[in-house]
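Remarks on the structure that follows.
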Protein chains: 2
Amino acid sequence: MNKSKIYDNILDIAETLIQTQGYNAFSFRDIARTIGIKTSSIHYYFPTKAELGKAVVARHIDTLHAELVQVLENEAISYKKKINLFLNSVFSKTYASNRKMCLGGMLASDVLTLPETIQFEVRVFFNRIEKWLEQLLSQGKTKGYFHFTGTAKREAEFILALLEGSLLLARLFQNEDKLKIARKKIESHLF
Amino acid sequence: MNKSKIYDNILDIAETLIQTQGYNAFSFRDIARTIGIKTSSIHYYFPTKAELGKAVVARHIDTLHAELVQVLENEAISYKKKINLFLNSVFSKTYASNRKMCLGGMLASDVLTLPETIQFEVRVFFNRIEKWLEQLLSQGKTKGYFHFTGTAKREAEFILALLEGSLLLARLFQNEDKLKIARKKIESHLF
DNA sequence: GTCTATATATAGATAGAC
DNA sequence: GTCTATCTATATATAGAC
């Protein structure tokens, strides 16, 4: 059911804060100030920071995954286009807006300081994406659209790692060219 | 001159804490407790956290850079070996010990919350490494040892991004295989 | 150079009035 | 459901005794 507008609002702001500043740098205060409520009101919706964090990642996974599954299943979309849609989701969409890092990548760097429940979700995040990508690569290779060497799993791992690193450095230098370079490298690997 | 044993000790511990937990998750208290002194004693050596952080990165850059320059200039080392030594410095050495992330990579993810002086140092860190790598790749290509397409600069950017992403994910999943995959990818690009 | 004591700000969290 | 008030812990930082 509808979990109220404020509930979603809190999640939205928390998500943005994690993507820009990281888990340890954001506070209930930041969120409260932005919405115009008190921190105790946030505790009404999310008893602890750990639960808020977990909810942010869980929602993010669901949204992204639903999006990706639709792309994979749509036979009207070419394989080249599918890869491009994927890169857009994880890439330009996050970075282009306000120097956001990938949510999973940000939390991966905070991993040793995260509550275990959130650590778990972060791994789910990457497992899901990797699995999806592996499937796409595998299918595309069988059908003759992709031409990489090695397993689809390895290729998926490679692409994900390159993606995360490129986002990190593009953001640091505020240089979108670094994203383009990664994109081209990935494409030159597959086509 | 010798800046005293405690001075270095503080830097060592701060460096490790940043590489494992990030800039915002470490405190003077953590360091004080580890060494067995009071936080006010740390302020004697480093008036502010920003100055401590800056000193950590500056020292790290100097050490790593000196190491890399020696490798580049030593004509007794093959180009293949030079690349391997580089990957060892930035890679296995950091990760293998206690799930450390690359210092620069960790601070890159914290970048929007860092004091400007540290932001600046982080960019110096990557500029230095990239420049060094670009030189190595360029020389090696001219001499016929490397066979990549495109500019040495682009190739250096690619390698660095892949490196950072691989470290991040290898650490998250405590899976060193992810480092090996990146290594092989890089080698297959160059040889 | 290291300590105690303290200042000030902020964190996450809870109780209970409205 | 949102507030005020409060708790406890922790953060960075400074003053000044020893």
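Lettering follows sequence order; numbering is per chain, from 1. Keep in mind that this is a model prediction, so the values were computed, not measured.
- Residues from residues 106-117 of chain A that place a heavy atom under 4.0 Å from any atom of DNA chain C: there are none.
- Contact between A:Met101 and A:Leu167 at its shortest, heavy atoms only, is SD-CB, 3.9 Å.
- Among residues at least two apart or in separate chains, salt bridge (Lys or Arg N to Asp or Glu O under 4.0 Å) pairs with a member in residues 18-41 of chain A are A:Asp30-A:Arg33.
- In this structure, the side chains of B:Phe148 and B:Arg154 stay at 4.5 Å or more apart for every pair of heavy atoms.
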Quick one: which protein N/O atoms are closer than 3.5 Å to N/O atoms of nucleotides 3-5 of chain D? Pair and distance per line, please.
{"from": "D:dC3", "atom 1": "OP2", "to": "A:Lys38", "atom 2": "N", "distance (Å)": "2.9"}
{"from": "D:dC3", "atom 1": "OP2", "to": "A:Ser41", "atom 2": "OG", "distance (Å)": "2.7"}
{"from": "D:dT4", "atom 1": "O4", "to": "A:Ser40", "atom 2": "OG", "distance (Å)": "3.0"}

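- For B:Ile6, taking side-chain heavy atoms from C-beta onward, the closest of the listed nucleotides C:dA13, C:dT2, D:dT2 is C:dT2.
- At the phosphate of D:dG1, neither OP1 nor OP2 sits under 4.0 Å from any side-chain N or O atom of A:Tyr7.
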(request) Kindly determine whether B:Ser89 and B:Glu67 satisfy side-chain hydrogen bond (donor to acceptor under 3.5 Å, both in side chains), including the steps that lead there. (result) CA-CA 9 Å; B:Ser89 303; B:Glu67 207 176 304; 3.2 Å; yes
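- Sorted by first and then second residue, the ring pair (Phe, Tyr, Trp, His ring centres under 6.0 Å) pairs involving residues 165-191 of chain B (not counting sequence neighbours) are A:His189-B:His189, B:Phe146-B:Phe191, B:Phe158-B:His189.
- Judged purely by atom type and a 3.5 angstrom limit, A:Asn98 has no side-chain atom pairing as donor or acceptor with the backbone of A:Lys100.
- No side-chain heavy atom of A:Glu155 sits less than 4.5 Å from a side-chain heavy atom of A:Leu133.
- Residues B:Arg123 and A:Leu172 approach most closely at NE-O, 3.0 Å, considering heavy atoms.
- Taking a cutoff of 4.0 Å between a charged side-chain nitrogen and a carboxylate oxygen, A:Lys180 and A:Asp177 qualify as a salt bridge.
- Between B:Glu134 and B:Glu157, every side-chain heavy-atom pair lies at or beyond the 4.5 Å cut-off.
- For DNA chain D, none of the residues of residues 14-34 of chain A falls under the heavy-atom distance limit of 4.0 Å.
- When the side-chain nitrogen and oxygen atoms of B:Tyr44 are compared with OP1 and OP2 of C:dG1, one or more of them lie within a distance under 4.0 Å.
- Salt bridge A:Glu130/B:Lys178: present, at least one basic N to carboxylate O contact under 4.0 Å.
- Protein atom CD of A:Glu51 is 9 Å distant from nucleotide atom P of C:dA13, rounded to whole Å.
- Distance NZ (B:Lys49) to P (D:dA13): 9 Å, rounded to an integer number of Å.
- Regarding B:Ile118, its CD1 atom lies at a distance of 12 Å from the P atom of D:dT12, rounded to whole Å.
- Classification of the B:His60-B:Phe125 ring pair by plane angle, with boundaries at 30° and 60°, yields tilted.
- In this entry the distance linking CZ of B:Phe46 with P of C:dG1 reads 13 Å, nearest Å.
- In the hydrophobic clustering of ILVMFWY residues, with side-chain heavy atoms under 4.5 Å counting as a link, B:Leu136 and B:Ile159 come out together.
- Looking at residues 52-59 of chain B, you'll see that no heavy atom sits under 4.0 Å from any atom of DNA chain D.
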